[in-house]
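Heads up, the thing below is written out as structure tokens.
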Amino acid sequence: MSTTIDRQWTTRLRRRLVEQLPPDKALPDTQPSYVSSWIYVFGIVTLSALVMVILTGFVLAIRGPQWWHQSAIGHYVNSLHLWSVEIFFFAMVIHLWGKFFMAAWRGHRSLTWVTGAVTFATSIATAFTGYVSQTNFDSQWISTQAKDGINATGAGAFFNVLNTGQMLMWHIVLLPLAAVVLTAVHVVMVRRKGVVPPFEEVTK
Amino acid sequence: MSDILGALVNLDHPGHYISWGWFQMSYGNFAVVVAMVATFLVALVAPFPGRQKEKRS
């Protein structure tokens, strides 16, 4: 017989969450032996670089464009932001290649694969809006080169690469939020289903 | 410091590009792609620290 407490939404939601992602799966003590390979490292390298990108992005957002152009510390934080992004994409592409050749969508992991692919696409858009928000000659060049291509898709109606303010808002609010949420969902999917085993482990 | 680095890598010139028919890519981007492929291949074969050899029966 269900009680009033059983029926309240907080109880039902908590039980559903624990059922979907039990604590021992969310924060596991051990991993399978096949994970002891360098090819499994690039996911966490990507995640670590993302943390650095977000932290340096916070600092840049607090101080603003004048600071990152005119101050030595601003240049330094701006460079940290750029090189974290470089490492982020470098590691993410190797992570993608590794998972592609492992066919990481096996074993009901299709949603893990799809969330990863969508995160990759979102990250490209985030990086692009970052390049056009630099407020320098490089960003002017990139935006004027990109406008015709983007306008040809029809997206120019609501996404104007020549509008610095709009691009900055997409870069520091909308797209990072989407990238972080998608990354969180991706990691939760990995935790739920576990790391994909090599082909030989499945056929044993 | 920036002057020293600037002296090591002279960027004050038009970009260098690889052209192959319709395909065009800067040497900088090409170097990054080569580095990614090399890192990927090394990651496949390099021994992972602390990994015990599997016993095969």
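Chain A is the first sequence line, chain B the second, and so forth, proteins listed ahead of strands; every chain is numbered from 1.
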*asked:* For a quick test of reading the model, state the closest non-hydrogen atom pair linking B/Ala43 to A/Ser37 and the distance between them.
replied: O-OG, 4.1 Å
*Test B/Phe48 against A/Val41 for side chain to side chain contact (heavy atoms under 4.5 Å, CB included), laying out the working first.*
CA-CA 10 Å; B/Phe48 195 77; A/Val41 167; 3.7 Å; yes
Expected list for residues 33-40 of chain B: side-chain donor-acceptor pairs under 3.5 angstrom, two or more places apart:
from: B/Thr39; atom 1: OG1; to: B/Ala35; atom 2: O; distance (Å): 2.6

Do any side-chain atoms of residues 56-64 of chain A form donor-acceptor pairs under 3.5 angstrom with protein atoms, and if so which ones, sequence neighbours left out?
from: A/Thr56; atom 1: OG1; to: A/Met52; atom 2: O; distance (Å): 2.8
from: A/Thr56; atom 1: OG1; to: A/Val53; atom 2: O; distance (Å): 3.1
from: A/Thr56; atom 1: OG1; to: A/His81; atom 2: ND1; distance (Å): 3.0

*In terms of heavy-atom proximity below 4.5 Å to chain A, should B/Val45 be classed as side chain, backbone, both, or neither?*
neither
*Is there side-chain contact between B/Val32 and A/Phe90, with at least one heavy-atom pair below 4.5 Å?*
yes
*Near A/Leu13 CG, under 6.0 Å, is it more than 12 heavy atoms from other residues, nucleotides or ligands?*
yes
*asked:* Are there residues of residues 16-27 of chain B whose heavy atoms fall under 4.5 Å of chain A's heavy atoms? If so, which?
replied: none
*Which atom pair, heavy atoms only, marks the closest approach of B/Pro47 to A/Trp38?*
O-NE1, 3.1 Å
_Contact listing (chain B partner; residues 97-112 of chain A; heavy atom under 4.5 Å)_ = A/Trp97, A/Gly98, A/Phe101
*Where does A/Tyr40 contact chain B at under 4.5 Å (heavy atoms): side chain, backbone, both or neither?*
neither
